[in-house]
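For reference, the structure discussed in these notes is given below.
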Amino acid sequence: MHEVVYFEGPGFAEVSRFCLEISGLEWKNTTVDWDGYLDMKNKGELPWGYLPIIRTPEGTLAESNALLRYTGALAGIEPTNLFVRAKVDEIVELTNGWRQHFIPTFSIEDLDEKIAARQEMFVEGGKMDIALKDISKIVENSSTGWLANTEDLTIADIKVFMDTFMMFSGQFDGITADMVSNYPSLLKFHDKVSNDDRVKNYYSKEDEKRWVFRPGAFSNSN
Ligand SMILES: N[C@@H](CCC(=O)N[C@@H](CS)C(=O)NCC(=O)O)C(=O)O
């Protein structure tokens with residue numbers, strides 16, 4: 001039995017939750033609030049002090065990308081060919097790179113300042129604009145529609161899909177769904193991934209933070 005422990009939102013754990021779900025293995029989704037997190041930290045249950053973790057039959061694993069690769073392998077969506085796997089990792093790392101631009105804005109206390117800092121990243125030439133254009137280029141260069149040019153979806157597709165679109169759910173001040181309309185290739189990618197049966201089934205229930213992963217979520221943004 002595998003147990004993912006994280007906060008309720010998608011954040012750093014969504015990709016692994018999805019991979020475990022499609023792996024067909026038995027797994028448990030444990031959610032904690034801030035006090036629950038502090039309690040685990042104080043008890044020394046978090047190897048490096050952060051969530052998410054996965055409790056596995058062989059011990060605890062931490063670091064979201066290690067969890068992604070592990071659960072992706074369990075789900076059979078981590079390629080075995082070493083070159084393709086490295087391409088997949090390249091895309092995963094590229095996504096981490098831009099995520100790092102966004103994270104410092106969490107600690108800006110003044111709301112107007114936080115909104116301004118985020119919006120500045122999305123104007124033409126801003127860090128997020130460049131990042132989303134990079135992903136758009138990857139989509140445009142793929143002959144299969146999957147980011148690493150594979151026959152089926154891989155952890156790179158899941159990572160980019162979830163990390164990108166979760167930003168636009170409305171839970172982050174200053175980032176609105178209509179901002180996606182500047183990136184038509186990303187919308188095309190959204191269409192492909194959200195209509196994959198595995199993804200569609202996983203998001204069949206209404207959820208205020210996860211509506212962005214459903215087919216047509218951004219259809220008004222076109
Ligand atoms: N490098 C870690 C970072 C995880 C991380 O930043 N987790 C946040 C929640 S989204 C956390 O545990 N924050 C608690 C804190 O900052 O004290 C990973 O990728 O798993």
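The first residue in the sequence is number 1, and the count goes up from there. Counting starts at 1 for both ligands and their atoms, following the listed order.
Taking the ring centre of F106 as origin, the terminal cationic atom of R118 falls inside the region bounded by 6.0 Å and 45° from the ring axis.
The closest side-chain donor-acceptor pair between E21 and W27 falls under 3.5 angstrom.
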Anything under 3.5 Å between an N or O on ligand 1 and a protein N or O? List each pair with its distance, or write none.
unit_1   : atom_1 : unit_2 : atom_2 : d
ligand 1 : 1 (N)  : E63    : OE1    : 2.8
ligand 1 : 1 (N)  : E63    : OE2    : 3.2
ligand 1 : 7 (N)  : L51    : O      : 2.8
ligand 1 : 12 (O) : L51    : N      : 3.0
ligand 1 : 17 (O) : Y37    : OH     : 2.9
ligand 1 : 19 (O) : S64    : N      : 3.4
ligand 1 : 19 (O) : S64    : OG     : 2.5
ligand 1 : 20 (O) : S64    : N      : 2.8
ligand 1 : 20 (O) : S64    : OG     : 3.4

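Separation of the Y50 and Y37 ring centroids does not fall under the 6.0 Å cut-off. Between F165 and F213, a ring centre-to-centre spacing not shorter than 6.0 Å is recorded. Aromatic pair F172/F168: centroids not less than 6.0 angstrom apart.
The hydrophobic cluster containing L111, built from Ile/Leu/Val/Met/Phe/Trp/Tyr side-chain heavy atoms closer than 4.5 Å, also comprises I115.
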